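Just so it is clear, the values below take in all heavy atoms, side chains as well, and ignore hydrogens, waters and symmetry mates. Here the structure is a predicted model, which means the values were calculated and not measured.
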Amino acid sequence: LSAVDSHVARKLMKMFQSPLLAKSSIILCTHHIHAVHAADQIILLSRGAKDKDSTATGEDADDEMLLQAASTSDDGPAAKVAFCGSLPEFREKFPKLAAGGAREGE
(Lines give C-alpha, C1' and ligand atoms only; values in the text may rest on other atoms or scores of the structure.)
Protein backbone atom coordinates (compact mmCIF):
# COMPACT_ATOMS: atom_id res chain seq x y z
CA LEU A 1 0.00 0.00 0.00
CA SER A 2 2.96 2.37 0.24
CA ALA A 3 3.27 2.70 -3.55
CA VAL A 4 -0.30 3.97 -3.96
CA ASP A 5 -2.09 7.09 -2.79
CA SER A 6 -4.57 6.91 0.10
CA HIS A 7 -7.62 6.85 -2.22
CA VAL A 8 -6.32 3.80 -4.12
CA ALA A 9 -5.22 2.13 -0.86
CA ARG A 10 -8.79 2.41 0.50
CA LYS A 11 -10.18 0.91 -2.72
CA LEU A 12 -7.69 -1.97 -2.56
CA MET A 13 -8.54 -2.71 1.09
CA LYS A 14 -12.26 -2.70 0.24
CA MET A 15 -11.62 -5.01 -2.72
CA PHE A 16 -9.58 -7.41 -0.52
CA GLN A 17 -12.58 -7.72 1.82
CA SER A 18 -15.16 -8.31 -0.93
CA PRO A 19 -17.18 -11.56 -1.15
CA LEU A 20 -15.47 -12.28 -4.47
CA LEU A 21 -12.15 -12.75 -2.65
CA ALA A 22 -13.58 -14.18 0.59
CA LYS A 23 -12.08 -17.64 0.02
CA SER A 24 -8.77 -16.33 -1.32
CA SER A 25 -5.48 -16.00 0.51
CA ILE A 26 -4.05 -12.51 0.16
CA ILE A 27 -0.57 -11.60 1.36
CA LEU A 28 -0.19 -7.89 1.99
CA CYS A 29 3.18 -6.46 2.95
CA THR A 30 2.86 -2.90 4.23
CA HIS A 31 3.97 -0.46 6.90
CA HIS A 32 0.45 0.99 7.22
CA ILE A 33 -0.78 0.00 10.68
CA HIS A 34 -4.47 0.46 9.75
CA ALA A 35 -4.21 -2.56 7.44
CA VAL A 36 -3.88 -4.96 10.39
CA HIS A 37 -7.58 -4.57 11.18
CA ALA A 38 -8.47 -6.37 7.97
CA ALA A 39 -6.07 -9.27 8.62
CA ASP A 40 -6.77 -12.75 9.90
CA GLN A 41 -3.09 -13.42 10.56
CA ILE A 42 -0.36 -10.85 11.27
CA ILE A 43 3.36 -11.47 10.90
CA LEU A 44 5.62 -8.66 12.09
CA LEU A 45 9.19 -8.66 10.84
CA SER A 46 11.96 -6.84 12.66
CA ARG A 47 15.59 -6.11 11.79
CA GLY A 48 18.36 -6.12 14.35
CA ALA A 49 18.28 -6.44 18.12
CA LYS A 50 16.14 -4.42 20.47
CA ASP A 51 18.07 -1.69 22.31
CA LYS A 52 19.16 -3.22 25.63
CA ASP A 53 19.45 0.23 27.24
CA SER A 54 15.79 1.00 26.59
CA THR A 55 13.87 2.14 29.68
CA ALA A 56 10.52 1.09 28.24
CA THR A 57 8.90 -1.97 29.79
CA GLY A 58 5.88 -4.15 29.13
CA GLU A 59 3.44 -2.83 26.54
CA ASP A 60 5.50 0.32 25.95
CA ALA A 61 8.55 -1.82 25.10
CA ASP A 62 6.46 -3.92 22.70
CA ASP A 63 5.09 -0.78 21.04
CA GLU A 64 8.59 0.71 20.85
CA MET A 65 9.93 -2.49 19.26
CA LEU A 66 7.15 -2.47 16.67
CA LEU A 67 7.79 1.17 15.78
CA GLN A 68 11.51 0.49 15.41
CA ALA A 69 10.75 -2.50 13.19
CA ALA A 70 8.44 -0.46 10.99
CA SER A 71 10.92 2.42 10.63
CA THR A 72 14.03 0.36 9.82
CA SER A 73 15.05 1.08 6.26
CA ASP A 74 18.75 0.23 6.09
CA ASP A 75 20.22 -2.92 4.60
CA GLY A 76 21.22 -4.25 8.02
CA PRO A 77 20.74 -7.78 9.33
CA ALA A 78 18.14 -10.10 7.88
CA ALA A 79 14.58 -9.67 9.10
CA LYS A 80 13.38 -11.85 11.96
CA VAL A 81 9.83 -12.69 13.00
CA ALA A 82 9.03 -10.39 15.93
CA PHE A 83 5.34 -11.31 16.19
CA CYS A 84 3.08 -13.89 14.58
CA GLY A 85 -0.55 -14.21 15.57
CA SER A 86 -4.15 -13.24 15.09
CA LEU A 87 -5.65 -9.75 15.24
CA PRO A 88 -6.92 -10.29 18.83
CA GLU A 89 -3.42 -11.40 19.87
CA PHE A 90 -1.93 -8.34 18.14
CA ARG A 91 -4.40 -6.07 19.96
CA GLU A 92 -3.48 -7.68 23.28
CA LYS A 93 0.28 -7.42 22.74
CA PHE A 94 0.28 -3.95 21.12
CA PRO A 95 -2.82 -2.15 22.49
CA LYS A 96 -1.60 1.39 21.79
CA LEU A 97 -0.66 0.62 18.21
CA ALA A 98 -3.84 -1.34 17.58
CA ALA A 99 -5.91 1.56 18.91
CA GLY A 100 -3.94 4.07 16.84
CA GLY A 101 -4.50 2.06 13.69
CA ALA A 102 -8.22 1.50 14.24
CA ARG A 103 -10.44 2.25 11.30
CA GLU A 104 -13.05 4.94 11.60
CA GLY A 105 -16.20 3.62 13.21
CA GLU A 106 -14.43 0.93 15.29
Side-chain angles (χ1 to χ4, degrees):
L1 295 178
S2 64
V4 298
D5 64 31
S6 62
H7 179 73
V8 173
R10 278 193 298 273
K11 281 188 170 191
L12 286 172
M13 291 301 295
K14 188 179 265 190
M15 182 185 73
F16 295 155
Q17 296 171 345
S18 73
L20 184 63
L21 297 174
K23 294 186 179 188
S24 300
S25 294
I26 299 170
I27 299 173
L28 179 65
C29 181
T30 184
H31 65 277
H32 292 282
I33 193 72
H34 70 274
V36 302
H37 297 283
D40 295 322
Q41 183 75 21
I42 300 164
I43 300 172
L44 171 68
L45 300 178
S46 174
R47 289 192 193 187
K50 196 167 144 181
D51 183 6
K52 293 180 182 176
D53 296 330
S54 175
T55 57
T57 59
E59 291 173 1
D60 290 336
D62 290 336
D63 290 348
E64 183 178 308
M65 182 270 309
L66 180 58
L67 290 172
Q68 287 175 355
S71 65
T72 301
S73 61
D74 65 352
D75 290 333
K80 297 177 183 171
V81 175
F83 173 82
C84 181
S86 66
L87 179 57
E89 292 168 330
F90 180 83
R91 286 179 172 155
E92 184 178 324
K93 186 156 177 88
F94 303 103
K96 290 180 184 177
L97 291 170
R103 293 180 292 193
E104 289 181 23
E106 276 194 315

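Residues meeting the side-chain hydrogen bond (donor to acceptor under 3.5 Å, both in side chains) test with E89, sequence neighbours left out: S86. Every residue two or more places apart in sequence or in another chain that forms a side-chain contact (heavy atoms from CB on, under 4.5 Å) with S6 is listed here: R10.
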### Task
Mind running side-chain contact (heavy atoms from CB on, under 4.5 Å) on H7 and K11 for me, showing each step along the way?
CA-CA 6 Å; H7 179 73; K11 281 188 170 191; 3.5 Å; yes
### Query
side-chain contact (heavy atoms from CB on, under 4.5 Å) between D40 and L87: does it pass, once the steps are laid out?
CA-CA 6 Å; D40 295 322; L87 179 57; over 6 Å; no
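Atom CE of residue M15 and atom CD1 of residue I26 lie 7.0 Å apart, to the nearest 0.5 angstrom. In this structure, F94 CZ and L44 CG are separated by 5.5 Å, a value rounded to the nearest 0.5 Å. The CZ atom of F16 lies 5.5 Å from the CG atom of L28; values are rounded to the nearest 0.5 Å.
Within the 4.5 Å cutoff, side-chain heavy atoms of F83 are placed close to those of I42.
In terms of heavy atoms, M13 sits closest to A38 at CE-CB, 3.4 Å. The shortest heavy-atom contact between V8 and D5 is N-OD1, 2.8 Å.
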